[in-house]
Amino acid sequence: MSRRLLYIIIGAIVVVVLAIGIGVFVVLPTVTSANNSATTTPTPTASTTTKTTKTNVVNTTLKQYAPAIKTQIAQGLKLTPDQLTTDLKAGKTLSDIATAQNVSATQLQTLIGTALQSGLKPAVSAGTLTQKQVDRLIKRDQANPTLLDKLLMNAIATA
């Protein structure tokens, strides 16, 4: 019977030690952080603010140069800017329009890259955008031309 009592006492000690450990590692940090958060206010990180600002600059610049980009894409598709506008307003995508004009997907990607590169060249020269940002935009829009559809539709709406 003394052996059984010894196991019960050891088991109880283990349970108490575990309870104290859980309290120290789980409950105590929560209490401490609650006290610290009451005295200090969190500050936004610079990386989040910078990314948002960069994104806004890129979007604003894209909108600014969208008419020139639209004109270059229209010329590449052997259309006038007004014809491209009419097709986009009718709900067609750039891919649909390119197919109708016998322009392959590869040719459309090249056209998009060229139009963005030359259309945003003034922004790079002015320092509004970096060449790296333009290269990322080109890669993104070549992979997903529907993003450019939205930009061109916005250019139509603001024109």
Side-chain angles (χ1 to χ4, degrees), residues 18 21-159:
L18 281 173
I22 290 172
V24 168
F25 290 110
V26 175
V27 177
L28 188 59
T30 305
V31 172
T32 305
S33 68
N35 288 339
N36 287 342
S37 66
T39 57
T40 60
T41 57
T43 56
T45 60
S47 62
T48 304
T49 305
T50 304
K51 184 174 183 178
T52 303
T53 303
K54 284 181 182 178
T55 302
N56 290 340
V57 168
V58 170
N59 288 340
T60 303
T61 305
L62 268 174
K63 288 177 186 174
Q64 179 182 353
Y65 293 99
I69 294 167
K70 180 181 83 166
T71 299
Q72 290 179 10
I73 289 175
Q75 288 173 350
L77 293 172
K78 298 174 185 80
L79 298 171
T80 66
D82 290 338
Q83 288 171 321
L84 179 59
T85 299
T86 302
D87 287 346
L88 289 169
K89 282 184 177 179
K92 294 181 182 176
T93 65
L94 276 179
S95 298
D96 296 338
I97 298 167
T99 301
Q101 293 298 111
N102 295 320
V103 174
S104 71
T106 304
Q107 291 170 323
L108 178 61
Q109 287 180 340
T110 303
L111 174 61
I112 289 170
T114 304
L116 286 171
Q117 186 69 43
S118 61
L120 294 173
K121 193 173 196 168
V124 173
S125 296
T128 309
L129 293 178
T130 65
Q131 187 58 49
K132 188 176 182 180
Q133 289 172 314
V134 172
D135 293 343
R136 268 191 250 131
L137 284 170
I138 290 170
K139 189 178 275 190
R140 181 194 75 177
D141 289 345
Q142 284 176 329
N144 190 357
T146 56
L147 296 172
L148 199 53
D149 293 342
K150 292 176 186 175
L151 173 69
L152 297 176
M153 284 302 293
N154 287 337
I156 293 166
T158 59

- Please identify each residue that fulfils side chain to side chain donor-acceptor pair (under 3.5 Å) with Thr146, with sequence neighbours left out. Asn144
- Shortest non-hydrogen separation from Ile112 to Pro145 and the atoms involved: CD1-CB, 4.0 Å
- Item | For the student: nearest non-hydrogen atoms of Ala123 and Tyr65, plus distance | CB-CE1, 3.6 Å
- Which value, rounded to the nearest 0.5 Å, describes the distance between Gln142 atom CD and Leu137 atom CG? 11.0 Å
- Query: Can you name the closest pair of heavy atoms from Ile69 and Ala115 and give their distance?
  - Reply: CG1-O, 3.9 Å
- Message: Pair Leu62, Leu129 - check side chain to side chain contact (heavy atoms under 4.5 Å, CB included), show working.
- Response: CA-CA 10 Å; Leu62 268 174; Leu129 293 178; 6.0 Å; no
- Message: Under the criterion side chain to side chain contact (heavy atoms under 4.5 Å, CB included), I'd like the reasoning laid out for Ile73 against Leu79: C-alpha separation, chi angles, the key distance, then a yes or no.
- Response: CA-CA 8 Å; Ile73 289 175; Leu79 298 171; over 6 Å; no
- Within-4.5 Å side-chain heavy-atom neighbours: Thr99 and Leu108: no
- Evaluate side chain to side chain contact (heavy atoms under 4.5 Å, CB included) for Thr85 paired with Lys70, printing each intermediate quantity in order. CA-CA 9 Å; Thr85 299; Lys70 180 181 83 166; 2.9 Å; yes
- Item | side chain to side chain donor-acceptor pair (under 3.5 Å) partners of residues 105-114, not counting sequence neighbours, each pair once | Ser104-Gln107
- Task: To the nearest 0.5 Å, tell me how far Thr61 OG1 sits from Lys63 NZ.
- Result: 10.5 Å
- Message: Do Leu77 and Gln83 make a side-chain contact, defined as non-hydrogen atoms from C-beta onward lying under 4.5 Å apart?
- Response: no
- Note, Leu111 side chain near Gln72 side chain (heavy atom, < 4.5 Å): no
- Task: Tell me, please, which residues at least two apart from Lys92 pass side-chain contact (heavy atoms from CB on, under 4.5 Å).
- Result: Asp87, Asp96, Ile97
